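First, the structure itself, so that you have it in front of you.
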Amino acid sequence: MTQTTETPEAGDLATSLPRHDVADLSLAAQGRARIEWADRAMPVLRQVRARFAKERPFAGARIAACMHVTTETANLMRALVAGGAEVVLCASNPLSTQDDTAAALVAEYGVSTYARNGIDRDGYYAHIDAALDLAPHYVFDDGCDLVNTLHTARTDVLGEVLAGCEETTTGVIRLRRMAAEGALRFPVVAVNDTDTKHMFDNRYGTGQSTLDAIFRATNTLLAGKTVVVAGYGYCGRGVASRAKGLGANVVVTEIDPTKALDAAMDGFRILPMAKAAAVGDVFITVTGNRDVIRPEHIELMRDGAILANSGHFDVEIDILGLAAMAVDGPRRVRPSTDEYVLADGRRVLLLAEGRLVNLGAAEGHPAAVMDMSFADQALTAEWLTTAAGTLAPGVHDVPTEIDKRVASLKIETMGIDIDTPTPAQVEYLNSWRHGS
Ligand SMILES: NC(=O)c1ccc[n+]([C@@H]2O[C@H](COP(=O)([O-])OP(=O)(O)OC[C@H]3O[C@@H](n4cnc5c(N)ncnc54)[C@H](O)[C@@H]3O)[C@@H](O)[C@H]2O)c1
């Protein structure tokens with residue numbers, strides 16, 4: 001693994017670099033330019049960073065983060081460092097790592113980083129292991145792999161951890177299971193569950209970036225096509241509404257009757273996957289569940305069907321099942337697009353190897369939406385520096401004040417004014433005495 005002895009090549013790079021394993025340090029200047037571009041669309045996080053630089057809430061704190069190594073995450077790391085933290089970042093997904101961002105974090109911002117695009121499973125876990133060598137006080141996770149490793153392979157540093165933050169739906173579900181079994185040893189805050197995260201990041205971020213990824217990978221025209229969206233949670237709603245806006249006929253599949261009803265009343269056709277498989281041109285899974293598209297479904301699909309997953313793990317499409325059915329492939333026909341040929345000659349296209357397509361084949365969410373998610377993360381981490389000791393091991397909510405503060409700051413930066421309730425309105429809303 002590359003270590004601190006490596007000499008930077010770009011002109012003004014620091015000579016003493018933090019611990020790292022990244023693909024190519026010569027990409028640092030390009031990475032810095034992209035991180036600064038994202039920063040322009042992150043005014044809330046920028047304000048938080050400026051305040052952190054003055055108040056230094058993390059002085060003396062060690063923070064390990066396992067997140068997508070993107071320009072937006074880089075700006076979160078900058079905020080934590082400005083606040084005085086010693087930070088290490090490793091990737092939460094092997095395909096989402098932007099190698100130039102990773103290089104810039106190390107060489108331009110002095111953040112210890114372990115991330116290489118396309119690294120194999122062993123390398124992925126070696127990076128988590130290296131990050132945990134920091135013996136962190138606080139952990140930031142996206143999908144629960146870091147917290148899982150702490151409770152299994154790295155119990156030697158588990159006792160140092162005071163608290164953590166979790167970024168995504170799937171991670172929160174895993175953490176709640178750990179907590180229910182009494183396995184979770186420290187408090188973790190479900191940042192995903194704030195309104196300013198899931199209502200915008202999951203919905204508008206995943207909605208836009210998932211389609212962006214499908215376009216980049218295939219350049220397909222959605223107008224007039226049938227797009228099957230599996231799962232009508234926050235992410236699925238975003239994907240379905242964006243696809244509809246582009247002229248696609250959208251079919252939704254669900255297992256929850258309430259969500260199916262919601263989709264039906266939003267004007268979408270609801271089918272079980274066994275029927276949707278035969279009519280779809282593009283399939284997008286966003287369920288957080290496994291085996292949503294299986295060989296029996298693929299068997300029914302049209303020639304040229306496109307399969308993409310935007311759920312957290314690469315388990316939503318049965319990739320091994322697809323490979324077993326194929327007589328040829330996978331053959332890379334375009335970047336992030338692998339073609340499998342079935343026995344009767346039909347071709348099935350799998351994007352980003354079935355991993356999070358918006359991060360594997362595009363750049364993830366737009367920075368403007370991550371501005372809120374990562375302001376939530378930064379402010380929650382600041383709150384934890386005083387609150388961690390008062391929280392029992394388990395999964396906790398972000399305080400509502402933080403959620404509301406992020407929303408207020410965001411609308412302020414967007415130039416949006418809202419009304420302030422009058423004293424009579426406040427009294428009315430808080431009283432049970434009023435009747436008809
Ligand atoms: N791509 C991204 O950048 C990104 C961003 C946020 C969240 N995520 C991930 O996306 C996934 C969904 O997140 P969410 O916030 O929408 O979750 P959610 O819980 O709001 O929605 C998931 C929906 O999928 C449905 N579902 C479960 N199994 C199904 C099946 N077999 N067939 C059809 N529907 C099924 C559920 O009933 C639910 O309505 C999670 O894995 C989450 O971690 C990805």
Side-chain angles (χ1 to χ4, degrees), residues 67-70 72-73 92-93 95-96 141-145 166-176 190-214 228-242 250-264 266 268 270-277 280 283-294 296-297 308-318 351-352 354-367 369-370 372-374 376-377:
M67 306 181 86
H68 297 291
V69 180
T70 62
E72 295 78 20
T73 303
S92 61
N93 185 307
L95 286 190
S96 63
D141 217 347
D142 187 336
C144 194
D145 281 347
E166 171 56 53
E167 169 74 6
T168 198
T169 314
T170 285
V172 172
I173 291 169
R174 295 174 84 191
L175 285 164
R176 288 198 200 284
V191 174
N192 177 75
D193 295 355
T194 59
D195 288 344
T196 44
K197 198 279 181 180
H198 67 264
M199 279 173 61
F200 305 96
D201 168 320
N202 298 28
R203 188 170 182 178
Y204 299 101
T206 310
Q208 177 170 314
S209 60
T210 298
L211 297 187
D212 177 20
I214 291 170
V228 178
V229 179
Y232 203 67
Y234 278 97
C235 294
R237 275 195 250 169
V239 173
S241 70
R242 266 71 201 133
V250 178
V251 172
V252 169
T253 72
E254 252 299 344
I255 56 168
D256 180 325
T258 317
K259 300 291 181 70
L261 204 52
D262 191 16
D266 281 343
F268 298 112
I270 320 297
L271 289 174
M273 186 58 83
K275 289 193 173 148
F283 295 82
I284 303 167
T285 53
V286 261
T287 68
N289 204 349
R290 60 175 301 166
D291 304 331
V292 178
I293 295 181
R294 304 185 290 273
E296 72 243 40
H297 304 131
N309 166 52
S310 227
H312 190 77
F313 287 117
D314 60 347
V315 296
E316 305 212 6
I317 300 167
D318 181 356
L351 307 192
R355 296 181 190 274
L356 281 168
V357 73
N358 60 333
L359 282 141
E363 294 173 65
H365 298 352
V369 91
M370 296 314 293
M372 288 184 278
S373 309
F374 287 167
D376 281 325
Q377 290 273 13

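Just so it is clear, the structure is predicted and the values come from calculations on it, not from any experiment. Read the numbers this way: they start at 1 and go in the same order the structure lists the ligands and their atoms.
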Open item on the list: Under a plain distance cut-off of 3.5 Å, with no hydrogens placed, do T194 and D376 share a side-chain donor-acceptor pair?
Closed with: yes
Task: Short side-chain donor-acceptor distance under 3.5 Å, Y232 and D266 - done: yes
Task: side chain to side chain donor-acceptor pair (under 3.5 Å) partners of R174, counting only residues at least two apart - done: D145
Less than 3.5 Å apart, N/O on ligand 1 and N/O on the protein: could you list those pairs with the distances?
{"residue": "ligand 1", "atom": "1 (N)", "partner": "S310", "partner atom": "O", "Å": "2.9"}
{"residue": "ligand 1", "atom": "1 (N)", "partner": "S310", "partner atom": "OG", "Å": "3.3"}
{"residue": "ligand 1", "atom": "1 (N)", "partner": "N358", "partner atom": "OD1", "Å": "3.0"}
{"residue": "ligand 1", "atom": "1 (N)", "partner": "N358", "partner atom": "ND2", "Å": "3.3"}
{"residue": "ligand 1", "atom": "3 (O)", "partner": "N358", "partner atom": "ND2", "Å": "2.8"}
{"residue": "ligand 1", "atom": "15 (O)", "partner": "T169", "partner atom": "OG1", "Å": "2.8"}
{"residue": "ligand 1", "atom": "15 (O)", "partner": "N202", "partner atom": "ND2", "Å": "2.8"}
{"residue": "ligand 1", "atom": "16 (O)", "partner": "Y234", "partner atom": "N", "Å": "3.3"}
{"residue": "ligand 1", "atom": "16 (O)", "partner": "C235", "partner atom": "N", "Å": "2.9"}
{"residue": "ligand 1", "atom": "20 (O)", "partner": "Y234", "partner atom": "N", "Å": "3.3"}
{"residue": "ligand 1", "atom": "28 (N)", "partner": "N289", "partner atom": "ND2", "Å": "3.1"}
{"residue": "ligand 1", "atom": "37 (O)", "partner": "E254", "partner atom": "OE1", "Å": "2.8"}
{"residue": "ligand 1", "atom": "39 (O)", "partner": "E254", "partner atom": "OE2", "Å": "2.6"}
{"residue": "ligand 1", "atom": "39 (O)", "partner": "K259", "partner atom": "NZ", "Å": "3.2"}
{"residue": "ligand 1", "atom": "41 (O)", "partner": "T170", "partner atom": "OG1", "Å": "2.5"}
{"residue": "ligand 1", "atom": "41 (O)", "partner": "H312", "partner atom": "N", "Å": "3.0"}
{"residue": "ligand 1", "atom": "43 (O)", "partner": "T168", "partner atom": "OG1", "Å": "2.7"}
{"residue": "ligand 1", "atom": "43 (O)", "partner": "T170", "partner atom": "N", "Å": "3.1"}
{"residue": "ligand 1", "atom": "43 (O)", "partner": "T170", "partner atom": "OG1", "Å": "3.3"}

Open item on the list: Less than 4.5 Å apart, side chain to side chain, heavy atoms only: is that true for V292 and I317?
Closed with: no
- [ ] Indicate whether the side chain of H198 and that of N192 have a donor and an acceptor atom separated by less than 3.5 Å.
- [x] no
Open item on the list: How long is the straight-line distance from OG1 of T196 back to CG of D201, given to the nearest 0.5 Å?
Closed with: 10.0 Å
